[in-house]
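Note on naming: letters A, B, ... go to the chains in the order of the sequence lines (proteins, then strands), and numbering restarts at 1 for each one.
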2 protein chains.
Amino acid sequence: MATIALVDDDRNILTSVSIALEAEGYKVDTYTDGASGLDGLLHAPPDLAILDIKMPRMDGMELLRRLRQQTDIPVIFLTSKDDEIDELFGLKMGADDFIHKPFSQRLLVERVKAVLRRAQAREAAARPDSETPKSDLLERGKLSMDQERHACSWEGKPVTLTVTEFLILFSLAQRPGVVKSRNALMDAAYEDQVYVDDRTIDSHIKRLRKKFKAVDNSFDMIETLYGVGYRFREQA
Amino acid sequence: MATIALVDDDRNILTSVSIALEAEGYKVDTYTDGASGLDGLLHAPPDLAILDIKMPRMDGMELLRRLRQQTDIPVIFLTSKDDEIDELFGLKMGADDFIHKPFSQRLLVERVKAVLRRAQAREAAARPDSETPKSDLLERGKLSMDQERHACSWEGKPVTLTVTEFLILFSLAQRPGVVKSRNALMDAAYEDQVYVDDRTIDSHIKRLRKKFKAVDNSFDMIETLYGVGYRFREQA
DNA sequence: AGCGCTTGCCACAATTTTGCGACTTTCTGA
DNA sequence: TCAGAAAGTCGCAAAATTGTGGCAAGCGCT
């Protein structure tokens, strides 16, 4: 799942927050002061950073300022009552949220999820227009796939695919004529590096072929390369 | 320009007021009694309603009460001296203004403009997010939703939705055929900084389906895509 | 303090998807 | 041609994911 960096000089907070976040399935990197925090954030960028606003060597605000010169990782600040003056400035610098001490773990986790959700949406919204010219629409002869709609059809006739099947076929069809090893297909279908048996991929391929043959018995777009992997046939 | 509904049993008032308002460029819908007025107001919601307080079949007060269950269209009452006792009640119900008979057309027009201006300001204030120029009306086959009035109906029959339900359905219906992940729906329904469990979205979907099925048992516009999210069915 | 309504979430049932063992069939190269 | 190695299939039970009924906390109004 997502990685979260935690920068705070208070060991107690560091451990209790770590535990709370890890319980939710997040990976947590901890740093005990601003300087090493900045270093860590830049070298091993997390999906979200939680910074204490008061810290030795470099306070949270300064850390944020420097961080923003390089990245726009979402940031949540931990503040005490007297730090409120800084919040306006923090917001301007691009802080995403503030949590006032003392805080419940429940609140913290909620905010973390909210910020990650927003960041994810922001990212998704930023992608389509700027880079990644390949839209999530794919047309290959009689096959057409639409990621956004999670729809797939052959000769116009709809074919219902599960998530895994969709991802595998999408990966194959994206580059017709190019062989994809089973490992490559696993990477396409699974987020992290889960390892599944080779035979599992075969199973998915089997199901894909079956579903397409149900619609067009002469379907044979998915070729097997003995000892190598699978390939989506070139030209329709 | 704006549409104004006029409900009065007195033909003279109906025609003279219509002429006055149309001269100002407004579109005017007229109804001659409370019952048909309510019907018309719900099916073809105007920007403002002018109601006579005394009418056969259903008086203005009752009409307002029922209207408020569905929408918050601005309302101006026409009253005679004897009706003054009701004004307090009318205000509570959300009437926006009272005009005492007899009244000059000039006065009427002024009041109308004032109320519309206020309504517009209110509406702008309620939606501080600078963007969101998307239209407030949404028609998708048998479904119609009006963001302004927060009204929703299926095959013309009103369906009462809570805020969250409304936002979720609106988000889905806005792009029929497109899958929305639970996260995307959360974004549509909640402020930043609020995180709710994935299953909460399921709950809302459950309630939505229930409400629509109560009106049309064959309702199945909200599709579930296993492992992906929800989708509003394409075509009516 | 007492409603009535919304809402988030939990627990349990119902469904769907998926991984993989066990076999069979096909392919390759000596 | 024959012995592996590799790929195709089947069938299932485990895993995931979703559908639901309910409940209790939170809120706005009395």
Side-chain angles (χ1 to χ4, degrees), chain A residues 1 24-25 104 106-107 109-110 113-114 117 150 152 159-169 172 179-183 185-186 188-214 219-220 222-231, chain B residues 65 68-70 72 89 91-94 150 152 159-169 172 179-183 185-186 188-191 193-214 219-220 222-231:
Chain A
M1 212 199 226
E24 291 292 316
S104 70
R106 166 103 179 71
L107 175 73
V109 170
E110 177 175 311
K113 287 185 175 175
R117 168 164 59 83
H150 199 265
C152 168
V159 177
T160 312
L161 303 181
T162 68
V163 188
T164 313
E165 288 161 3
F166 194 97
L167 290 172
I168 287 179
L169 180 58
L172 284 172
V179 201
K180 297 267 189 170
S181 71
R182 288 181 174 67
N183 271 327
L185 292 175
M186 282 182 219
Y190 306 95
E191 286 283 325
D192 28 25
Q193 322 137 321
V194 216
Y195 175 81
V196 292
D197 196 272
D198 274 2
R199 221 95 331 279
T200 295
I201 299 295
D202 294 4
S203 279
H204 286 298
I205 295 288
K206 175 192 63 173
R207 289 166 184 145
L208 276 168
R209 285 172 171 156
K210 190 174 174 185
K211 285 186 177 179
F212 280 89
K213 281 205 172 183
F219 178 87
D220 65 343
I222 302 178
E223 302 175 284
T224 302
L225 281 277
Y226 194 93
V228 188
Y230 295 98
R231 181 169 67 182
Chain B
R65 198 182 62 73
R68 279 288 174 268
Q69 295 176 355
Q70 303 283 141
D72 40 46
F89 182 64
L91 271 177
K92 263 193 190 163
M93 290 301 299
H150 219 278
C152 168
V159 177
T160 312
L161 301 181
T162 67
V163 189
T164 315
E165 288 161 2
F166 190 94
L167 291 173
I168 288 178
L169 181 58
L172 283 173
V179 198
K180 298 270 188 167
S181 70
R182 289 179 174 69
N183 267 347
L185 293 175
M186 282 184 215
Y190 304 93
E191 311 285 319
Q193 310 190 359
V194 181
Y195 177 85
V196 294
D197 195 87
D198 271 5
R199 308 312 313 284
T200 296
I201 299 294
D202 294 14
S203 280
H204 287 296
I205 296 286
K206 169 186 62 176
R207 289 165 185 146
L208 277 168
R209 284 173 172 156
K210 193 171 175 185
K211 286 185 177 179
F212 279 89
K213 282 207 172 181
F219 179 87
D220 65 342
I222 302 179
E223 301 175 283
T224 303
L225 294 233
Y226 194 97
V228 187
Y230 294 98
R231 184 170 66 180

With respect to the side chain of B:Lys206, which nucleotide from C:dT18, D:dG22, C:dT7 is positioned closest? D:dG22

Rounded to whole Å, the CG-C1' distance (A:Leu208 to D:dG8) equals 14 Å

Whole Å only: how far is the CG atom of A:Leu225 from the C1' atom of C:dT26? 15 Å

Taking the nucleotide of DNA chain C with the closest heavy atom to each, which residue, B:Asp197 or A:Asp198, is nearer the 5' end? B:Asp197

Could you check how far CD1 of A:Ile205 sits from P of D:dC10, rounded to whole Å? 15 Å

Does the side chain of B:Arg182 get closer than 4.0 angstrom to OP1 or OP2 of D:dT17 through an N or O atom? no

If you compare all heavy atoms of B:His150 against all heavy atoms of B:Val163, which two are closest, and at what distance to 0.1 Å? CE1-CA, 3.7 Å

With a 4.0 Å cut-off on heavy atoms, is B:Tyr230 in touch with a base, just the backbone sugar-phosphate, or nothing at all? sugar-phosphate

Does the base of C:dT17 carry an N or O that pairs as donor and acceptor with the side chain of B:Tyr226 under 3.5 Å? no

For a quick check of understanding: with a heavy-atom distance under 4.0 Å over all strands, which category does A:Thr200 fall into, base, sugar-phosphate or nothing? base

Phosphate-side-chain proximity, B:Thr224 and D:dT17, N/O vs OP1/OP2 below 4.0 Å: no

Measuring to OP1 and OP2 of C:dT17, would you say a side-chain N or O of A:His204 lies under 4.0 angstrom away? no

Reference residue A:Arg182; test side chain to side chain donor-acceptor pair (under 3.5 Å); the match among A:Thr200, A:Asp198, A:Asp197, A:Asp202: A:Asp202

Atom of B:Ile201, atom of B:Tyr190 and distance for their closest heavy-atom approach: CD1-CE1, 4.4 Å

Counting any heavy atom closer than 4.0 Å, what does B:Arg207 reach on the DNA or RNA strands: base, sugar-phosphate only, or nothing? base

Which residue lies toward the 5' end of DNA chain D, A:Lys210 or A:Gly229, if each is placed at its nearest nucleotide? A:Gly229

Tell me: NE2 of A:His150 to P of D:dT17, nearest whole Å? 13 Å

Can you tell me the distance, in whole Å, between the CD1 atom of B:Ile222 and the P atom of D:dT18? 15 Å

Residue of the set A:Lys180, A:Arg209, A:Arg231 for which salt bridge (charged side-chain N to carboxylate O under 4.0 Å, His left out) holds with A:Glu223: A:Arg231

Which whole-number value in Å describes the distance from A:Met186 CE to C:dT18 C1'? 14 Å

Let me know the distance between NZ of B:Lys180 and C1' of D:dT18, rounded to the nearest Å. 20 Å

Among A:Ile205, A:Ile168, A:Val179, A:Leu208, which one satisfies side-chain contact (heavy atoms from CB on, under 4.5 Å) with A:Tyr230? A:Ile205

Picking from C:dC27, D:dT20, C:dC20, the nucleotide nearest the side-chain atoms of B:Asp202 would be D:dT20

Phosphate oxygens OP1/OP2 of C:dG8: is one of them under 4.0 Å from a side-chain N or O of B:Tyr195? no

Taking OP1 and OP2 of C:dG19, is either one under 4.0 Å from a side-chain nitrogen or oxygen of A:Tyr190? yes

Which is true for B:Thr162 with a 4.0 Å heavy-atom rule: it touches a base, it touches only sugar-phosphate, or it touches nothing? sugar-phosphate

Strictly below 4.0 Å: does B:Arg199 bring a side-chain N or O up to OP1 or OP2 of C:dC10? no

Sidechain N-carboxylate O distance under 4.0 Å for B:Lys211, B:Glu165: yes

Applying a 4.0 Å non-hydrogen cut-off, can you work out what B:Ile201 is touching in the nucleic acid: base, sugar-phosphate, or nothing? nothing

Length of the line joining A:Phe166:CZ and C:dT17:C1', which is rounded to integer Å: 16 Å

